[in-house]
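Let me begin by presenting the structure, written as structure tokens, before commenting on it.
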Amino acid sequence: MGKRCDDLELSINIGGKSFKNPVMVASGTFGFAEEYASYMNINEIGAVITKGITLKPTYGNPPPRIYESHGGILNSIGLQNPGIQEFIADKLPYLRTLKTHVIVNIAGKSLHEFEELAKRLDIEGITGIEVNVSCPNVEDGGIMFGKDPQLIEKITSLVKRSTSKAVIIKLTPETVDIESCARAAANGGADAISLINTIVGMAIDIRERKPFFKRVFAGLSGPAIKPIALAMVHRVSKAVNLPIIASGGIITGNDAIEFFMSGAAAVAIGTGNFIYPDCSIRVLNQIKHFLKENGYKSIREIGGISGE
Amino acid sequence: MGKRCDDLELSINIGGKSFKNPVMVASGTFGFAEEYASYMNINEIGAVITKGITLKPTYGNPPPRIYESHGGILNSIGLQNPGIQEFIADKLPYLRTLKTHVIVNIAGKSLHEFEELAKRLDIEGITGIEVNVSCPNVEDGGIMFGKDPQLIEKITSLVKRSTSKAVIIKLTPETVDIESCARAAANGGADAISLINTIVGMAIDIRERKPFFKRVFAGLSGPAIKPIALAMVHRVSKAVNLPIIASGGIITGNDAIEFFMSGAAAVAIGTGNFIYPDCSIRVLNQIKHFLKENGYKSIREIGGISGE
Amino acid sequence: MLQLTKRVIENTEIQQDICLISISWDKDAKPGQFVMVKCGDDTLLRRPFSIHSISDGELKILYQVKGKGTKFMQGLKKGSSISIIGPLGNGFTIPRDTSKALIVGGGVGIAPLLFLLEKLNHRGIHTLSLLGFKEKPFRVEAFEKFSKTLISTESGTYGEKGTVIEILREINLKGFDIVYGCGPKPMLRSLRELTDKEGIKCQISLEERMGCGIGACLSCVCMIRDKNGWSYKRVCKEGPIFWAKDVMI
Amino acid sequence: MLQLTKRVIENTEIQQDICLISISWDKDAKPGQFVMVKCGDDTLLRRPFSIHSISDGELKILYQVKGKGTKFMQGLKKGSSISIIGPLGNGFTIPRDTSKALIVGGGVGIAPLLFLLEKLNHRGIHTLSLLGFKEKPFRVEAFEKFSKTLISTESGTYGEKGTVIEILREINLKGFDIVYGCGPKPMLRSLRELTDKEGIKCQISLEERMGCGIGACLSCVCMIRDKNGWSYKRVCKEGPIFWAKDVMI
Ligand SMILES: Cc1cc2nc3c(=O)[nH]c(=O)nc-3n(C[C@H](O)[C@H](O)[C@H](O)COP(=O)(O)OP(=O)(O)OC[C@H]3O[C@@H](n4cnc5c(N)ncnc54)[C@H](O)[C@@H]3O)c2cc1C
Ligand SMILES: Cc1cc2nc3c(=O)[nH]c(=O)nc-3n(C[C@H](O)[C@H](O)[C@H](O)COP(=O)(O)OP(=O)(O)OC[C@H]3O[C@@H](n4cnc5c(N)ncnc54)[C@H](O)[C@@H]3O)c2cc1C
Ligand SMILES: Cc1cc2nc3c(=O)[nH]c(=O)nc-3n(C[C@H](O)[C@H](O)[C@H](O)COP(=O)(O)O)c2cc1C
Ligand SMILES: Cc1cc2nc3c(=O)[nH]c(=O)nc-3n(C[C@H](O)[C@H](O)[C@H](O)COP(=O)(O)O)c2cc1C
Ligand code: FES
Ligand code: FES
């Protein structure tokens, strides 16, 4: 006899893999999962997306690294991570003990680095690779990969060829033409699209009369960006026929429902994890509650809106 | 004997015109000024920027037209306005009675319309023309003028040639390369740059299972977008040597100070006018207070930050 | 028409999620006008509320707890201060020759009608009030002070079973010079149809999402019939009271 | 290490903008550890506060009102509920052979030192406390219960005139096995220099802006000397207590 809530169909499919539910945690906000182990049952969520991994260990930016704005936060972490070798040696063993999918977020400084990262992660215990294209392309004067659809397509097909894992392309909102970027990922063979990453913002320390962050610019996330994220998810969902993992200010189940209705297949909780360490579980429960209250049987029934 | 606060130098210059202080009210949020007459002394602020004017009367979008998100609002007004003829006949007479500068915001559907609007506004009682390039170019398939630096330059020089007024180009944040857009305006002969306009966003009515707005997308403004606006103002201030009129979530004097420090010459209060009808006066007083408390004599002393 | 910081004199929940707040006040207003209330720091836009009554230096608002803003209001303690703009909007018109008026209110839509009723009563106009509720009526005693009052509830627990329109259909409209209505959209639509058919004047109070509340932002428009077909009118400025026959809802 | 909804037992302003809040609590903690407090709906991130003391089912936080978050806390009434995560971080180390310890606190930085002092006292370790304030001392009686306590104020109104470092310079550090410090950065820097010079062990409590408070987001790093030169350590996880000699501030 199944539990009562088993009546709800929550599973989704990405790249031929089945996820027990569409609630994930977003890259960079959940560490390597072990940090959250005493706050929630990590196995209950659909997937864990790790902090971005680079080829070499990365120090990251000087502190302060976080700032609270109205309804949002700015972060200037700067991809601090132990590098792929230490990740595999020190972090992956714990992740392998989880009974949920692990998606590893990668960040390269060149096409070659993305390829290398993808190859070395083609190992047991990993379901997918999330490719962060919001990083500067050092070979091309430091311009962000994600601004150029052609580069997105190149990276996607390169990564796709280098791994048997599901390949998810995480787009940057720093583009006018998010549809072209999504299409480029689709053409490159992506299994899914993730969006949105943080938006470039800034804060001033008016007492010190200088930028709050040493690097001046930082990434805006949280509820403040939700309307922007919803618009981008909706646009991308009309442009390509790939599952979308949506992030951008999701704190409650209703936020998640908004994203499903605007075209997302899954949601990733980012900033919300800082507010409530078990935010993802709360969102999952609230989604279930919404589905039941409104007589839906499956998460797929609420997806996609009309009205245009 | 001057008043005590006359010790503070607050005046700024735009296009050879002197403004008594750098606090303005943003287009579309202050109507045609008369609506605010019983809430504040309009003559105290540096300038009034009117609702966007089109050649023909414009109906605007179907209601609902406004939505409150976390820290921001979405609007879908759709440029409702009486058209240039009625503006000049019905609205300008009141504006002419004001003892502060009047800047008229214009929106065209083609290059020709911008030219025509500029010409017809080259009349008494108007100090400047603010050109809203966030509108669709019907001649070019409805793509926004403001996404294309070349078009921005063309519009700017056309408007500049058609009027003796100060010409301010209001950029849209819907571009990756805000610097190129600003440079295009400068090349076209702009006297100042205004930014940021609202950011494309969306909201869902989850009960009705459809987009909250009939037009689906709407413009996000208010405190939520302040970090994004600050970053754009700062980037533009490094790219061109023109005064910047900054808007984006300015509600308090400290918000305004942040913008001055990041490179703005003036600030425009938008959404803030809805929260406190005399928001602009409050901001002005708080700026004065900040300057005095910190021993500054002139608004120009606090502009521009180091730290990079 | 100013922005005012006022004190809360009383704030009571008269029924689950239906509250009555009294605020210190020293200005006059017309029935049908409204105020814009700043609901704490956690919301941006002010919330619009009809004036329920003004007397003895007190302004009363009858409000239903819906979201963040009204939840904040519900928590306001006696003596706390509150920022208000108003009175705003046009208010009801009472034509010169009115001698009998019918009042039709649904749910919290009865709010502006009490203030109107007082004024009608003061002017010596005969009135009949029809008030409809979901389950449990509220503020009926206040209406009964000024007029004969008939009640309906959708549950049938009190008064007639059904919406207020059910009672309305049993009334001879011809006996009235004017009908005033406020309530949910379907109710207003029926009211328009019925009064149109009988050729009775009817004024209704509309609601729309607002930004500024003072006519500047053009957020709050509704479609109103005019000589050119129709145009968008601002609920906060040309409204919230419109002639029912002109309203396209 | 769980997320808890707790009740406010007491919340008093012991001096302008310096408050002491007692919260129901049933877990143990190490001195130097901290908690993350959710400060209402108008802020997003939790605010970190040192544990000032734990006893009789109560956790005390000594806090200074600075911005939105602490203003919200100031307004918390007895009996209201509050969401807390903790205890977090590493806590102070008390080496086995410690027999005399010196405590140095500046301003609200005295917060974690009281809890430490209790523990040292409990372990039979002799202590001397040096506390520095701007104008008016607070919580001195609490420290005096456990140790001889010397005071300085910058204004000179109470105790020695100047910062706590002035008193420190007059003390023979050689008489102590270890020094514990918490306070503003300049004070911590002087403390590091003085203890370095005298070759005395010293532990200090650091502050940095935090996101998660549990080691996941890498927001709160500070530069710590190690075998490879230096690396970024998380104040919330490897800290907030560090050996002064390793800290690069
Ligand atoms: C002219 C006018 C008079 C009104 N008089 C009353 C009254 O006397 N008593 C009463 O209980 N309610 C009245 N309302 C409705 C009242 O304004 C809303 O219930 C209230 O704004 C809800 O705010 P919230 O933050 O609790 O809800 P939320 O749903 O969280 O509000 C979100 C946003 O939507 C707006 N909004 C939500 N519902 C409405 C609505 N029905 N009409 C307009 N804007 C809305 C809010 O103002 C806010 O900007 C009136 C509305 C108007 C336009
Ligand atoms: C480990 C640790 C222990 C602390 N213990 C205490 C204590 O016992 N008593 C006490 O009064 N204060 C303590 N602080 C400082 C306290 O966290 C800040 O004063 C508080 O967060 C200010 O919040 P606010 O919303 O009032 O101020 P705001 O300036 O509005 O806060 C804005 C943001 O900056 C952060 N922030 C501001 N000041 C600091 C700071 N000094 N350190 C870290 N983050 C900051 C806030 O957490 C918030 O995210 C401690 C800080 C840390 C890191
Ligand atoms: C502190 C922090 C660190 C982040 N690090 C990464 C990262 O390493 N790689 C990445 O692709 N996205 C990173 N992100 C972006 C998030 O994964 C997420 O896409 C974004 O924050 C929007 O979601 P939110 O509003 O729910 O936070 C980071 C975000 C935050 C706040
Ligand atoms: C209701 C509303 C109407 C607006 N109408 C116009 C307009 O007609 N023309 C224009 O250039 N900008 C318009 N704007 C943009 C504002 O002028 C301003 O640039 C923007 O809202 C950001 O500032 P804020 O965050 O202070 O509101 C409008 C904004 C709002 C909220
Ligand atoms: S609410 Fe702004 S015009 Fe009516
Ligand atoms: S606050 Fe997140 S790692 Fe320390």
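A, B, ... follow the sequence lines: proteins, then strands. Residue 1 opens every chain.
Residue with the most contacts toward chain D among A:G272, A:G222, A:P62: A:P62 (heavy-atom pairs, distance under 4.5 Å). Considering only heavy-atom pairs separated by less than 4.5 Å from chain A, the leading option among D:K68, D:M223, D:R47 is D:R47. Across A:I251, A:N61, A:T271, A:N75, the residue that shares the most heavy-atom pairs under 4.5 angstrom with chain D is A:N61. By number of non-hydrogen pairs under 4.5 angstrom with chain D, the leading residue of A:P63, A:G72, A:G31, A:G60 is A:P63. Per-residue counts of heavy-atom pairs under 4.5 Å with chain A were compared for D:G215, D:G213, D:C222, D:S219; the largest is that of D:S219.
The cationic atom of D:R209 (NZ for Lys, CZ for Arg) does not lie both less than 6.0 Å from the six-membered ring centre of A:F212 and within 45° of the ring axis.
Under a cut-off of 6.0 angstrom, the local environment of NZ in A:K109 is sparse, with at most 12 non-hydrogen atoms contributed by other residues, nucleotides or ligands. Environment of CD in D:E135: sparse, with no more than 12 heavy atoms of neighbouring residues, nucleotides or ligands closer than 6.0 Å. Within 6.0 Å of CG in A:N41 there are more than 12 heavy atoms belonging to other residues, nucleotides or ligands.
Remark: D:R46 CZ to A:Y276 OH distance equals 7.0 Å, nearest 0.5 Å. For the atom pair A:Y67 OH and D:L45 CG, the distance stands at 12.0 Å (nearest 0.5 Å). In this structure, CD1 on A:I77 lies 8.5 Å from SG on D:C220, to the nearest 0.5 angstrom.
Closest of all the heavy-atom pairs between D:Y232 and A:Y59 is CD1-O, 3.2 Å. Closest approach of D:G211 to A:I66, counting heavy atoms only: CA-CD1, 3.5 Å. Nearest heavy-atom pair across A:Y36 and D:C212 is OH-CB, 4.0 Å.
Looking at A:R65, its side chain never comes within 3.5 Å of a backbone N or O of D:V221 through a donor-acceptor pair. A:E68 contributes a side-chain N or O that, together with a main-chain N or O of D:L44, makes up a donor-acceptor pair within less than 3.5 Å.
Contacts of A:F30 with chain D are made by backbone atoms alone, with heavy-atom separations under 4.5 Å and no side-chain atom involved. Neither the backbone nor the side chain of D:M36 has a heavy atom closer than 4.5 Å to any heavy atom of chain A.
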Steps toward side chain to side chain contact (heavy atoms under 4.5 Å, CB included) verdict (A:E35, D:R234): CA-CA 12 Å; A:E35 295 86 351; D:R234 296 165 295 182; 4.1 Å; yes
Show me the side-chain donor-acceptor pairs of residues 239-249 of chain D shorter than 3.5 Å, one per line, residues at least two apart or across chains.
none

